[in-house]
Number of protein chains: 2
Amino acid sequence: MSDVAKYANVSTATVSRALQHPESVKEETRQKVLAAITALNYTPNVLARQLRRMETKTILVVVPNIENNVFSQLLSGIDAVANQKGYKVLLGNINHKVDKIYDYLDHFRQRQIDGMIMLISDLSDHILQDLANELPLVITPDSSDDAIVPTVVVDNVGSSQRATEHLISLGHRRLAHIAGPLHLSSSKSRLEGYRQALHENGIRFDHELVKAGDFTIQAGFKQMEQLLLMEVPPTAVFCASDEIAMGAIKRIKQHGLKVPEDIAIVGFDNVKFSSIFEPALTTMAQPLEEMGRQSMKVLIDRMNGKTLSKNHFIYSADLIIRESCGAHLNKRE
Amino acid sequence: MSDVAKYANVSTATVSRALQHPESVKEETRQKVLAAITALNYTPNVLARQLRRMETKTILVVVPNIENNVFSQLLSGIDAVANQKGYKVLLGNINHKVDKIYDYLDHFRQRQIDGMIMLISDLSDHILQDLANELPLVITPDSSDDAIVPTVVVDNVGSSQRATEHLISLGHRRLAHIAGPLHLSSSKSRLEGYRQALHENGIRFDHELVKAGDFTIQAGFKQMEQLLLMEVPPTAVFCASDEIAMGAIKRIKQHGLKVPEDIAIVGFDNVKFSSIFEPALTTMAQPLEEMGRQSMKVLIDRMNGKTLSKNHFIYSADLIIRESCGAHLNKRE
DNA sequence: TTGTACGCGTTATCAT
DNA sequence: ATGATAACGCGTACAA
């Protein structure tokens with residue numbers, strides 16, 4: 001930079017200004033500086049700038065597992081607006097080991113990041129709160145409703161209620177639910193939506209018909225097995241994720257039954273493969289990429305010190321009717 | 001840091017030494033410093049350290065599209081060893097827009113990254129070469145064989161040959177190939193493997209039986225359509241990716257034919273969903289996570305200035321036999 | 001073994 | 001509108 005200054009016959013301060021606050025510099029000198037810069041092929045040292053400004057223009061995204069399509073879609077949205085706004089995104093794949101979050105927290109303590117988006121909610125509320133007091137933080141897509149931390153979520157209760165009601169409208173009265181890990185609030189909310197749908201339609205809630213595991217294919221397979229063992233198995237199952245739904249369907253087929261003829265299924269997420277699965281999954285589509293974008297936008301506002309009028313952004317999921325629910329067949333009476 | 005120094009009655013230099021070169025400091029003073037550090041709850045400012053050392057301990061991973069399971073698996077492996085070795089990984093999702101790579105190159109010019117792993121090979125060889133001269137660079141999993149840049153790849157030719165030979169061994173003589181984008185060397189190599197398998201088994205290579213698109217389900221669907229239109233359609237298809245295979249199978253079913261009875265299919269990648277697809281995909285499994293790990297290891301060596309005896313690391317893919325190839329049925333004669 | 005002092009490349013403050 | 005200078009926090013050459 002001092003070379004540039006010399007070459008342009010100005011001080012380093014002016015060079016800096018020409019780049020940072022072009023309006024505060026005479027057009028003529030600005031041109032001189034610019035010329036010098038290209039002549040010497042100078043690029044600013046961002047490290048020094050960061051040290052001076054105490055900011056990194058970098059955010060950290062903590063993700064439970066990149067290989068899950070849900071998270072990669074969110075990540076994709078986050079990355080898109082981050083780039084557009086000049087932020088870099090640091091990947092924090094904790095691979096389901098919650099403890100690893102603490103390692104990443106050091107990044108912040110050492111001022112290596114300006115903010116953070118968490119794609120996981122396993123942390124207790126007060127830890128999150130402490131964190132949020134220290135640095136700009138946004139949580140998505142799973143968060144308890146009463147969090148004071150800004151969140152971007154889908155209306156899990158309402159969406160699940162609609163999914164369940166769709167099955168009810170198809171004539172089902174004996175509906176099961178395969179939930180995700182019940183310590184996650186999204187799982188709890190989806191269960192709650194299922195329960196409300198039953199309630200409003202005068203169907204008794206039965207504990208036996210609710211199984212919980214994690215969000216994987218394997219869990220769906222295993223929980224469905226339990227359901228099939230019942231004296232009177234359900235005629236429809238609302239699954240808390242598409243992967244669960246796929247696992248469940250696989251198990252049903254193995255049992256010699258058909259989906260949706262014998263048992264109807266609705267999933268959640270609208271994961272990429274849900275449309276080519278057989279039968280194609282009826283599912284609740286979360287606008288994941290959009291939610292990722294919004295998370296980043298909220299975070300940026302936060303980092304810029306804007307006090308937001310709104311802290312929680314709630315999206316609604318779309319019911320995508322395909323084959324696994326049986327809506328395309330004759331309705332039952 | 002100066003606070004720590006004061007608290008411990010030493011100079012800042014000693015504090016620094018106590019942390020960087022513990023052996024060059026008396027045990028007693030080291031303890032004093034450590035005590036002061038915990039007492040004041042001091043954490044070093046990494047930015048300043050980086051400025052001083054001119055290194056960031058950060059690498060950039062350029063990925064064509066995070067939502068693709070192949071890349072997220074690689075990323076997962078990269079991230080794992082990066083963390084372990086104290087590196088941060090910056091995500092560069094270019095979303096198939098090759099031009100965006102140039103934006104990321106600025107990160108390097110501005111010394112924001114120490115090295116780079118590219119999960120894409122669309123760049124011409126000499127651009128890559130130029131890049132590699134400027135900074136540590138590793139390319140995976142798609143790269144031309146003659147690249148001077150370090151690469152971590154799968155043996156595409158050999159693997160594809162084995163995949164094709166598997167179909168031949170099942171009695172097929174009229175085999176088609178649906179390739180990926182032919183400007184990618186991995187696509188070219190897979191086509192070459194297919195060709196060699198035919199050649200070595202005395203089967204004439206027929207241009208008509210080779211279709212190319214990209215690696216997506218949609219492409220597989222579309223290319224299979226062409227194949228089905230032929231007067232004598234193939235009895236087996238080797239697909240350059242699992243997604244292509246899924247699309248192709250979908251089209252075949254729509255046509256009223258069965259897989260593998262009427263047409264046998266082999267895919268490539270062993271993507272997560274390939275095992276629950278119906279029929280379950282026979283495919284070539286790349287050790288993607290391991291390849292990601294290896295890429296990061298090679299990059300670290302590079303960044304440490306080690307001259308590697310070996311620049312190209314070639315993994316072999318495993319043939320995973322499931323249902324889509326028909327091996328579980330009676331063999332044809 | 002430890003302290004002094006400089007420099008890494010910027011940017012902000014204060015003068016001019 | 002511009003220049004001189006201090007400061008960001010650390011690591012290291014040199015001196016002691």
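Values below: every heavy atom of this structure, side chains too, minus hydrogens, waters and symmetry copies. The model shown is predicted, which means the values in this text are computed figures rather than measured ones. Residue numbering restarts at 1 for every chain, and letters A, B, ... go by the order of the sequence lines.
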Next item on the list: Of all the heavy-atom pairs spanning B:Thr56 and B:Gln112, show the shortest one and how long it is.
Entry: OG1-O, 3.3 Å

Note to self: Could you report the tightest heavy-atom contact between A:Asp114 and A:Lys57, atom names first, then the distance?
What the structure shows: OD2-N, 2.6 Å

Note to self: I need the A:Gln294 CD to A:Leu299 CG distance, nearest 0.5 Å.
What the structure shows: 11.5 Å

Next item on the list: Considering non-hydrogen atoms only, spot the tightest contact between B:Val15 and B:Ala5 and give its length.
Entry: CG2-CA, 3.8 Å

Next item on the list: Let me see the working for A:Asp269 and A:Gln286 under side chain to side chain donor-acceptor pair (under 3.5 Å), right down to the final yes or no.
Entry: CA-CA 6 Å; A:Asp269 285 342; A:Gln286 303 191 59; 2.9 Å; yes

Margin query: I'd like to know whether CD of A:Glu28 has more than 12 heavy-atom contacts from other residues, nucleotides or ligands below 6.0 angstrom.
Written below: no

Checklist line | Residues in side-chain hydrogen bond (donor to acceptor under 3.5 Å, both in side chains) contact with A:Thr43, at least two apart in sequence or another chain | finding: none

Next item on the list: Could you tell me the separation between the OH atom of B:Tyr87 and the CD1 atom of B:Ile59, rounded to the nearest 0.5 Å?
Entry: 9.0 Å

Item checked: Distance-only donor-acceptor check, side chains A:Thr14 and A:Ser11, under 3.5 Å -> yes

Check: Between B:Tyr315 and B:Val152, what is the shortest heavy-atom contact and its length?
Finding: CE1-CG1, 3.8 Å

Checklist line | Nucleotide range of DNA chain D lying under 4.0 Å from chain B heavy atoms | finding: D:dG9 to D:dA13

Next item on the list: Verify whether one side chain among B:Asn93 and B:Tyr104 offers a donor that lies under 3.5 Å from an acceptor in the other.
Entry: no

Item checked: salt bridge (Lys or Arg N to Asp or Glu O under 4.0 Å): pairs with one or both residues in residues 30-50 of chain B, sequence neighbours excluded -> B:Glu27-B:Arg30

Notebook entry, point to check: Do you know the tightest heavy-atom contact between A:Val61 and A:Val89?
Noted result: CG2-CG2, 4.1 Å

Next item on the list: Give me the residues of residues 32-40 of chain A where at least one heavy atom lies under 4.0 Å from an atom of DNA chain D, by number, or none.
Entry: none

Distances for protein N/O vs nucleotides 9-11 of chain C N/O pairs under 3.5 angstrom?
{"unit_1": "C:dT10", "atom_1": "OP1", "unit_2": "A:Tyr42", "atom_2": "OH", "d": "3.0"}
{"unit_1": "C:dT10", "atom_1": "OP1", "unit_2": "A:Asn45", "atom_2": "N", "d": "2.7"}
{"unit_1": "C:dT11", "atom_1": "OP1", "unit_2": "A:Gln20", "atom_2": "NE2", "d": "3.0"}
{"unit_1": "C:dT11", "atom_1": "OP1", "unit_2": "A:Arg49", "atom_2": "NE", "d": "2.7"}
{"unit_1": "C:dT11", "atom_1": "OP1", "unit_2": "A:Arg49", "atom_2": "NH2", "d": "3.4"}
{"unit_1": "C:dT11", "atom_1": "OP2", "unit_2": "A:Ser16", "atom_2": "OG", "d": "2.7"}
{"unit_1": "C:dT11", "atom_1": "O2", "unit_2": "A:Arg52", "atom_2": "NH1", "d": "2.3"}

Check: Base, sugar-phosphate, or nothing for A:Asp3, non-hydrogen atoms under 4.0 angstrom?
Finding: nothing

Checklist line | Bend angle of the helix from C:dT1-D:dA16 to C:dT16-D:dA1, end axes from five pairs each (to 10°) | finding: 40°

Check: Is any side-chain nitrogen or oxygen of B:Ser24 closer than 4.0 Å to OP1 or OP2 of C:dT2?
Finding: no

